[in-house]
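Counting begins at 1 with the first residue of the sequence. All heavy atoms count here, side chains included; hydrogens, waters and symmetry mates do not.
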Amino acid sequence: MPELPEVEALKDFLTENLVGHEIVRVLPVAISVLKTYDPPVTSVEGHEVTAVRRYGKFLDLATAEGPHLVTHLARAGWLQWKDRLPSGMPRPGKGPLALRVALETGAGFDLTEAGTQKRLAVYLVQDPQEVPGVARLGPDPLADDFDEARFAALLKDERRQIKGALRDQSLIAGVGNAYSDEILHAARMSPFKLAAALTPQETARLYEALRTTLTEAVERSRGLAAGRLKAEKKSGLRVHGRAGEPCPVCGDTIREVSFSDSSLQYCPTCQTGGKPLADRRLSRLLK
């Protein structure tokens with residue numbers, strides 16, 4: 001799933017390639033991608049893109065005197081930029097193409113989604129705050145005013161495990177499964193630790209890990225073309241998606257805990273005092 005660093009890089013890339021250009025065609029190929037119908041998505045045609053903004057994991061294309069085209073790439077969505085879009089109308093079908101946006105230059109981008117779980121979402125609204133997912137977002141962890149005191153206040157009454165708290169978009173915007181694993185590894189903290197039980201020292205360590213991990217990921221992605229961002233994300237991850245590999249810090253084997261629709265990865269030596277966490281799905285299978 002694209003998270004804050006990748007969406008931030010896409011924002012920068014699209015700012016360079018979209019702003020100042022006119023949208024001449026919007027072609028929904030998979031109708032399920034459209035989450036709003038009034039105004040119709042085609043009403044953005046003929047409008048110049050004036051800005052590209054990021055809200056958490058949402059991308060916002062603002063147009064002159066017109067609506068906002070807001071996209072959430074969900075788990076398996078992606079944006080593919082093309083300097084020259086194919087001629088002709090794309091055919092609806094079983095392929096990954098969900099929506100195409102064409103500029104007056106002949107360039108543009110495709111929104112695609114792999115797999116069978118179709119969660120890619122496109123909204124056309126007058127104000128991004130009309131999108132429910134945007135309206136409920138918590139603060140951006142890379143914002144200038146997101147200091148340690150604000151972070152501590154958010155966690156103070158959280159009776160959840162810290163892994164779940166970091167992923168809650170209404171608490172902190174933009175962090176998903178992958179970067180929450182990376183942040184907790186950098187902070188040397190168990191993903192099962194209760195957020196409200198953190199000491200001031202642990203909170204400070206987690207805040208530093210949060211800001212540093214995301215900032216470094218953004219810097220690694222900055223300036224890359226859209227097509228290279230996925231590979232950059234994977235290459236920069238130290239524990240997420242690397243179960244069975246040695247921890248790059250201590251050399252212990254990275255372990256995994258599986259859930260019904262996701263998994264987390266961690267290092268026992270760095271994060272849990274050398275004790276493996278119970279894999280609940282595996283435990284149920286063994287009963």
- [ ] Can you label the angle between the F13 ring and the W81 ring as parallel, tilted or perpendicular, going by 30° and 60°?
- [x] perpendicular

Open item on the list: Has E182 got a side-chain atom pairing as donor or acceptor with H240's backbone, closer than 3.5 angstrom?
Closed with: yes

Open item on the list: Do V239 and E245 make a side-chain contact, defined as non-hydrogen atoms from C-beta onward lying under 4.5 Å apart?
Closed with: no

Open item on the list: Does atom CZ (R25) have a neighbourhood of more than 12 heavy atoms from anything else shown, all under 6.0 Å?
Closed with: no

- [ ] Return yes if some donor-acceptor pair links the side-chain N/O of H21 with the main-chain N/O of L103 below 3.5 Å, else return no.
- [x] no

TODO: Assess whether atom CD of Q126 is packed by more than 12 heavy atoms of other residues, nucleotides or ligands within 6.0 Å.
DONE: yes

Open item on the list: Has T269 got a side-chain atom pairing as donor or acceptor with G274's backbone, closer than 3.5 angstrom?
Closed with: no

TODO: Verify, without hydrogens or angle tests, whether S43 (side chain) and P40 (backbone) share a donor-acceptor contact under 3.5 angstrom.
DONE: yes

Open item on the list: Which heavy atom of L27 sits nearest to which heavy atom of P90, and what is that distance?
Closed with: CD1-CD, 3.7 Å

Task: Salt-bridge contact R238-D181 (side-chain N to carboxylate O under 4.0 Å) - done: no

Open item on the list: Can you tell me how far apart OG1 (T42) and CG (L124) are? Round to the nearest 0.5 Å.
Closed with: 8.5 Å

- [ ] Let me know which of V175, T212, I162 forms a side chain to side chain contact (heavy atoms under 4.5 Å, CB included) with I183.
- [x] V175

Task: Minimum side-chain heavy-atom gap H68-V125 below 4.5 Å - done: yes

Open item on the list: Donor-acceptor check, side chain of D147 to backbone of R150, threshold 3.5 angstrom: yes or no?
Closed with: yes

TODO: May I ask you to check whether Q265 and S263 show a side-chain donor-acceptor distance below 3.5 Å?
DONE: yes

Task: Linked, directly or transitively: V52 and L69 (ILVMFWY side chains, under 4.5 Å) - done: yes

Open item on the list: To check you understand the geometry: which heavy-atom pair defines the closest contact between N177 and S262, and what is its length?
Closed with: ND2-CB, 4.2 Å

- [ ] Before giving the answer on side-chain hydrogen bond (donor to acceptor under 3.5 Å, both in side chains), spell out for S180 and K163 the whole-Å C-alpha distance, their side-chain angles and the decisive distance to 0.1 Å.
- [x] CA-CA 6 Å; S180 57; K163 167 79 174 178; 2.7 Å; yes

- [ ] Classify the ring geometry between Y207 and F151 as parallel (under 30°), tilted (30 to 60°) or perpendicular (over 60°).
- [x] tilted

Task: Polar side-chain atom of R53 near backbone of A62 as donor-acceptor pair, under 3.5 Å - done: no

TODO: Would you mind reporting whether L4 and K57 have side-chain heavy atoms less than 4.5 Å apart?
DONE: no

Open item on the list: For I172 and D140: C-alpha separation, side-chain torsions, deciding distance, then whether side chain to side chain contact (heavy atoms under 4.5 Å, CB included) applies.
Closed with: CA-CA 6 Å; I172 301 170; D140 192 291; over 6 Å; no

Task: Ion pair R205/E208, N-O distance below 4.0 Å - done: no

Open item on the list: Between T105 (side chain only) and A107 (backbone N and O only), is there a donor and an acceptor less than 3.5 Å apart?
Closed with: yes

Task: From CG (L79) to CZ (F109), nearest 0.5 Å - done: 5.5 Å

- [ ] Side-chain contact test, heavy atoms from C-beta onward, threshold under 4.5 Å: evaluate it for R119 versus H72 and give yes or no.
- [x] no

Open item on the list: Is there a path of hydrophobic side-chain contacts, each under 4.5 Å between heavy atoms of I/L/V/M/F/W/Y residues, joining L206 to L154?
Closed with: yes

Open item on the list: Using modelled atom types and a 3.5 Å cut-off, is there a donor and acceptor pairing between side-chain atoms of T272 and backbone atoms of P276?
Closed with: no

Open item on the list: Quick one, E158 and L171 - any side-chain contact, counting heavy atoms below 4.5 Å?
Closed with: yes

Open item on the list: If you define the side chain from C-beta out and look only at heavy atoms, does anything of P5 sit under 4.5 Å from L214?
Closed with: yes

Open item on the list: Could you check whether atom CD of E219 has more than 12 heavy atoms from other residues, nucleotides or ligands sitting under 6.0 Å from it?
Closed with: yes

TODO: Answer whether the closest heavy-atom distance between the side chains of L264 and F259 falls below 4.5 Å.
DONE: yes

TODO: Using a strict 4.0 Å threshold on nitrogen-to-oxygen distance, state whether E113 and R75 make a salt bridge.
DONE: no

TODO: Flag the pair R255 / Y266 as yes when at least one side-chain heavy-atom distance between them is below 4.5 Å, and no otherwise.
DONE: yes

Task: Short N-O contact, R54 and D60, less than 4.0 angstrom - done: no

Open item on the list: Please check if the number of heavy atoms outside E16 that lie under 6.0 Å from its CD is greater than 12.
Closed with: no

Open item on the list: Can a donor-acceptor pair be found, under 3.5 Å and without considering hydrogens, that links the side chain of E216 to the backbone of T213?
Closed with: no

Task: Rounded distance (nearest 0.5 Å) linking atom CD of Q169 with atom CG of L137 - done: 6.5 Å

TODO: Verify the neighbour count for atom NZ of K234: are there more than 12 heavy atoms of other residues, nucleotides or ligands below 6.0 Å?
DONE: no

Task: Heavy-atom pair of closest approach, residues E232 and S221 - done: CG-OG, 4.1 Å

Task: Side-chain donor-acceptor contact under 3.5 Å, T112 with D110 - done: no

- [ ] Answer yes or no: is there a donor N or O on one side and an acceptor on the other, between the side chain of E104 and the main chain of V24, under 3.5 Å?
- [x] no

